[in-house]
Asks: 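The structure under discussion is supplied below as structure tokens; questions concerning it will follow.
Chain identifiers are assigned alphabetically (A, B, ...) following the order of the sequence lines, protein sequences preceding nucleic acid strands; residue numbering begins at 1 within each chain.
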Amino acid sequence: MQIADLPIAPALAACYAEKGIRALYPPQADCVEKGLFEGNNLLIAIPTASGKTLVAEMAMHHHIGRGGKCLYIVPLRALANEKYDDFSGKGVRVGIATGDFDRRDDYLGRNDIIVATSEKVDSLLRNKTNWLSEVSLLVLDEVHLIDSPDRGATLEMVITKLRHKNPAMQIIALSATIGNPESLAGWLDAELIESEWRPVDLREGVYYHGCIHFPDNDRPVERRTKHEDLDLCLDTISENGQCLVFVSSRKNAEAFAKRAAAGLKLESPVLTGYAESIRSKADTDTEKTLAACVAHGAAFHHAGLKKEERRIVEQGFREGAIKVISSTPTLAAGLNLPARRVIIRDYLRFNSGEGMVPIPVREYRQMAGRAGRPHLDPYGESVLIAKGEEMIDELFDCYIEAPAEDVRSQCANEAVICSHILSLIATGFAREHDELTAFMEKTFYAASSESPAILKRAVHRVLEFLRESEMILEVGEWIEPTEYGSLVSRLYLNPWSAERIATTLPRVDGYSDIGLLQLLCTTPDMPTLYVRKNDAYYLDKFIAEHGEELWTEIPWHADEGFERSLKTALLLNDWANELGEEMICERYGVGPGDVYAMVESVNWLIHASRQLAGMFAPELAKSIEEMELRMKHGIRPELLPIVRLRGIGRVRARRLFNNGFTSLDAIRSAGPEKLGRILGQGIAAQIFEQLEGKRDAIGEEPADQQSTLFHFG
DNA sequence: GTGTGGCGCGTCTAGACAGCATGTC
DNA sequence: CTAGACGCGCCACAC
């Protein structure tokens, strides 16, 4: 089937022609035949990199051409950015909405395509965003994630809500290969397109003892080092290919990259450039190690790295300068970063409570599917490493030839639907019991499960909780949100978190930073740090010296949850007291990327608890707001006035303060020259411009805060 | 005294969404 | 309540 024969705009066809795309791949043609352009719902379950995005894009342009609006839902922010770039520059207006980046909501609605994470869409629904009802085409990327225990229910509820709102909307669901596609397609009223076809041939094998066993033949691998995983890598690189190695822990990823760097010994100006751009900003050991590896053509990739560092690694690999990346599952789920050979070294992963568990087949496929760069590699290879001879067959059975797992709804889990039930009530999707039941009948759970009683019981218990915590009122058949419940829904807060915060704040005997932070860290919305053996010492010491500052009860016996919350709170407290990144990472055994992730999470929770304080403990609102600002910048209280200036953050504010510029007045009266000696003339001039221009605005800011603070009082 | 290698044991273990309002070094 | 790698302390040994 030729692109030219399709009912798509000439401009888009020209874009494709320019990239050399003239004909559709067989599965893509299948989509057209099954009614892609006739408004049929489709569930497309085909391997990664076999052209799902193109199908979605053609459908979106088709809708836009007829005045429609498209919403493209992705599971990750990084993916949202990637898709945003993909879709931009082709004659349509594209917007992006994720937690860390969005255009103003009303403005967002003026776009033809909006790319968003599922949580962001949920949040937009809760805040009654008007343009959502104009969506005529919904694209669901990676729908199989509907069975993720922690986030799947959100996706399922968002889909159900959007269908409820726009019954005529077309749905295109993109999925990895799954065990029960009929079931999912049935729920979506969708035509099913299934295929194993790939544009680049994929050969899946198992390595053992100097040889890769493929289904039809074997391939010897030269033993060059004492590490088999490294031999496999060097084998590919000697044929001018690149390698992606998946391992089970960060430590393993770093250790492998070091070995690979030592084995490769590559050197080039490009590599030196990349290494230098990492090293120049490197504060921590992790970052220095990364720079050293990159200099020799190897790298590691995990969530402890900053976004910028991950970006450099990805770019270096795409350009071909970096030959090997050893990675935790960060890269498996995320970006499109193909390689000639994928080595799945660790197929067991630690799981607290269960020990080492084999990774799911679907995840194996996800990683293996990364092998083979279209148009660049003659074929792709994915290799599992067998530890013993008997494992060869077992790995073939359990992964290469195994059927993919079924996708199952997570909606019967009380813990995850609590938030969604509240939002249904708060947003008016369900105003009485029957409506709520009717809505839940439309979920994938109801469509696929044989035990409706479980869902019914979960909903019942959730309602009980919401009623008792006074987030909803039940009057006969009617259910109404309270002002509190409505606030919790809009803040996108887990009701359990909200209840914990709202019941603790009024009982607090005086504000304390650590009290607030530790409370927030006991909340299910806050990820907490793993407590190691030698953390016990300083945790105990802290409790002995500052225990009375805590707002939650100190348990009598060792309690993992409590220890984790306290350790995490101490990290955040160190950040807000300007402890250096290097020190924080060393003290708590985390990477710089983790620090940012935790600060970001707690910022959101601090913001939410300030709102809750407005309602339940107004006397604390002022202090919490101050903490919100301090945490955002990572500063002690005395820098608060200075950091209001644009271009001034953690580091510059501290430098100013230590040089006697302790307030805006002090800066103003010192004059631009003196200031310039400390920060450089450029920034000094820019600051004085602000001081001149906004003299009144800045001066009045404290009064301004007061008025908004007690908004809920 | 110093550098190197081997052994045994204890320790530790992936990821990442959301609010709000715009700009760190 | 699981598997395996890493890294430390310790010791033996060579120079």
Asks: Roughly how many Å is it from CG in A/Asp346 to P in B/dG15, rounded to a whole number?
Replies: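 From A/Asp346 CG to B/dG15 P: 13 Å.
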Asks: Select one nucleotide: of B/dC25, B/dA18, B/dT13, the one nearest the side-chain heavy atoms of A/Arg655.
Replies: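 Nearest listed nucleotide: B/dC25.
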Asks: Confirm from the modelled atom types if A/Glu119 and B/dG19 form a donor-acceptor pair under 3.5 Å, side chain to base only.
Replies: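 For A/Glu119, whose side chain was compared with the base of B/dG19, there is no donor-acceptor pair (under 3.5 Å).
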Asks: Distances for protein N/O vs nucleotides 6-11 of chain B N/O pairs under 3.5 angstrom?
Replies:
unit_1: B/dT11; atom_1: OP2; unit_2: A/Lys533; atom_2: NZ; d: 3.3

Asks: Mind jotting down which residue pairs meet the salt bridge (Lys or Arg N to Asp or Glu O under 4.0 Å) criterion with at least one end in residues 523-535 of chain A? Sequence neighbours excluded, please.
Replies: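 The answer is A/Asp535-A/Lys567.
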Asks: Nearest-nucleotide wise, let me know which of A/Lys281 and A/Tyr492 is further upstream toward the 5' end of DNA chain B.
Replies: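 The answer here is A/Tyr492.
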Asks: Check the distance between B/dC17's P and A/Arg126's CZ and give it to me in whole angstrom.
Replies: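 From A/Arg126 CZ to B/dC17 P: 17 Å.
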Asks: From NE2 of A/His301 over to C1' of B/dA16, roughly how many Å is that when rounded to an integer?
Replies: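 These atoms are roughly 13 Å apart.
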Asks: Who passes side-chain contact (heavy atoms from CB on, under 4.5 Å) against A/Ala415, sequence neighbours left out?
Replies: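 Result, side-chain contact (heavy atoms from CB on, under 4.5 Å) vs A/Ala415: A/Asn413, A/Trp496.
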Asks: Using a heavy-atom cut-off of under 4.0 Å over every strand shown, decide if A/Ile648 touches base, sugar-phosphate, or nothing.
Replies: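 It contacts sugar-phosphate atoms only.
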Asks: Can you check whether A/Tyr347 and A/Phe246 have ring centres sitting under 6.0 Å from each other?
Replies: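 Between A/Phe246 and A/Tyr347, which both carry aromatic rings, the centre distance is not below 6.0 Å.
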Asks: Could A/Glu314 and A/Arg311 be called an ion pair, given the rule that one side-chain N must be under 4.0 Å from one carboxylate O?
Replies: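 Salt bridge absent between A/Glu314 and A/Arg311.
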Asks: Under a 3.5 Å cut-off for both contacts, is B/dT22 paired Watson-Crick or G-U wobble with anything, and if yes, with which nucleotide?
Replies: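 Its partner: none found.
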Asks: On a heavy-atom basis, which atom in A/Ser148 and which in A/Gln410 lie closest, and how many Å separate them?
Replies: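 It is O-CG, 3.4 Å.
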Asks: Can you give the dot-bracket line for DNA chain C, using ( ) for pairs inside the strand, [ ] for pairs that cross earlier ones, | for pairs with another strand and . for unpaired bases, where Watson-Crick and G-U count if both distances are under 3.5 Å?
Replies: ..|||||||||||||
Asks: List for me each residue that meets side-chain hydrogen bond (donor to acceptor under 3.5 Å, both in side chains) alongside A/Thr286, sequence neighbours excluded, and say none if there are none.
Replies: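 side-chain hydrogen bond (donor to acceptor under 3.5 Å, both in side chains) list for A/Thr286, sorted by chain: empty.
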Asks: Roughly, in whole Å, what's the span from CG in A/Leu529 to P in B/dC12?
Replies: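 The answer, rounded to whole Å, is 14 Å.
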Asks: Please report the distance separating the P of C/dC6 from the corresponding atom of B/dA14, rounded so that it comes out in whole Å.
Replies: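 Between the two P atoms, the distance is 13 Å.
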Asks: Hunt down the Watson-Crick or G-U wobble partner of B/dA16, both distances under 3.5 Å, from any strand shown, or write none.
Replies: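 Across all strands, not a single nucleotide pairs with B/dA16.
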Asks: B/dG23, OP1 or OP2 - any side-chain N/O from A/Arg646 closer than 4.0 Å?
Replies: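 Yes, because at least one side-chain N or O of A/Arg646 sits under 4.0 Å from OP1 or OP2 of B/dG23.
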Asks: When you check the phosphate oxygens OP1 and OP2 of C/dA3, does a side-chain N or O of A/Arg345 lie under 4.0 Å from one of them?
Replies: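 For C/dA3, neither OP1 nor OP2 has a side-chain N or O of A/Arg345 closer than 4.0 Å.
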Asks: In whole Å, I'd like the distance from the CD1 atom of A/Ile635 to the P atom of B/dT24.
Replies: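 Nearest whole value for this atom pair: 11 Å.
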Asks: Within residues 579-603 of chain A, find the residues that approach DNA chain B with a heavy atom at under 4.0 Å, and present them sorted by residue number.
Replies: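 Close to the strand are A/Glu600, A/Ser601, A/Asn603.
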Asks: Go through the structure and list residues passing ring pair (Phe, Tyr, Trp, His ring centres under 6.0 Å) with A/Phe256, not counting sequence neighbours.
Replies: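 Checked A/Phe256 against ring pair (Phe, Tyr, Trp, His ring centres under 6.0 Å); zero matches.
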Asks: I need the NE2-C1' distance between A/His607 and B/dA18, as an integer number of Å.
Replies: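 The answer, rounded to whole Å, is 11 Å.
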Asks: Any salt bridge (Lys or Arg N to Asp or Glu O under 4.0 Å) involving residues 252-262 of chain A? Give me the pairs, sequence neighbours left out, ordered by first then second residue.
Replies: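 Sorted pair list: A/Asp229-A/Arg259.
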Asks: Would you say A/Ser123 places a side-chain N or O within less than 4.0 Å of OP1 or OP2 belonging to B/dG19?
Replies: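 It does, given that an N or O in the side chain of A/Ser123 lies less than 4.0 Å from OP1 or OP2 of B/dG19.
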Asks: Check salt bridge (Lys or Arg N to Asp or Glu O under 4.0 Å) between A/Arg654 and all other residues, then give those that pass, not counting sequence neighbours.
Replies: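 Expected list: A/Glu578, A/Glu638.
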Asks: How many whole angstroms separate atom CD of A/Glu578 from atom P of B/dT24?
Replies: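 The distance from CD of A/Glu578 to P of B/dT24 comes to 15 Å, rounded to the nearest Å.
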Asks: Of all residues at least two apart in sequence or in a different chain, which pass the side-chain hydrogen bond (donor to acceptor under 3.5 Å, both in side chains) check with A/Tyr492?
Replies: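 Partners of A/Tyr492 by the side-chain hydrogen bond (donor to acceptor under 3.5 Å, both in side chains) criterion, ordered by chain and then number, come out as A/Asp122.
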Asks: Is there any salt bridge (Lys or Arg N to Asp or Glu O under 4.0 Å) pair reaching into residues 350-362 of chain A, and which pairs are they, with sequence neighbours excluded?
Replies: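 Matches after skipping sequence neighbours: A/Asp147-A/Arg362.
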Asks: Could you pick out which residue, A/Ser118 or A/Tyr530, lies toward the 5' side of DNA chain B when each is mapped onto its nearest nucleotide?
Replies: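 That would be A/Tyr530.
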Asks: Scan the side chains in residues 585-592 of chain A for donor-acceptor partners under 3.5 Å anywhere in the protein, sequence neighbours excluded, and list what turns up.
Replies:
unit_1: A/Arg587; atom_1: NH1; unit_2: A/Asp574; atom_2: OD2; d: 3.0
unit_1: A/Tyr588; atom_1: OH; unit_2: A/Leu570; atom_2: O; d: 3.3
unit_1: A/Tyr588; atom_1: OH; unit_2: A/Leu571; atom_2: N; d: 3.4
unit_1: A/Tyr588; atom_1: OH; unit_2: A/Asp574; atom_2: OD2; d: 2.6

Asks: Can you establish whether the number of heavy atoms outside A/Lys307 located under 6.0 Å from its atom NZ is more than 12?
Replies: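 Not more than 12 within 6.0 Å, no.
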Asks: Between A/Arg349 and B/dG15, is there a side-chain N or O to OP1/OP2 distance below 4.0 Å?
Replies: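 A/Arg349 to B/dG15 OP1/OP2: no side-chain N or O under 4.0 Å.
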Asks: Whole angstrom is fine here: how far is it from CG in A/Leu348 over to P in B/dA14?
Replies: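 From A/Leu348 CG to B/dA14 P: 14 Å.
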Asks: What contact category does A/Glu363 fall into here, base, sugar-phosphate, or nothing, at under 4.0 angstrom with non-hydrogen atoms?
Replies: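 A/Glu363: no heavy atom of the nucleic acid under 4.0 Å.
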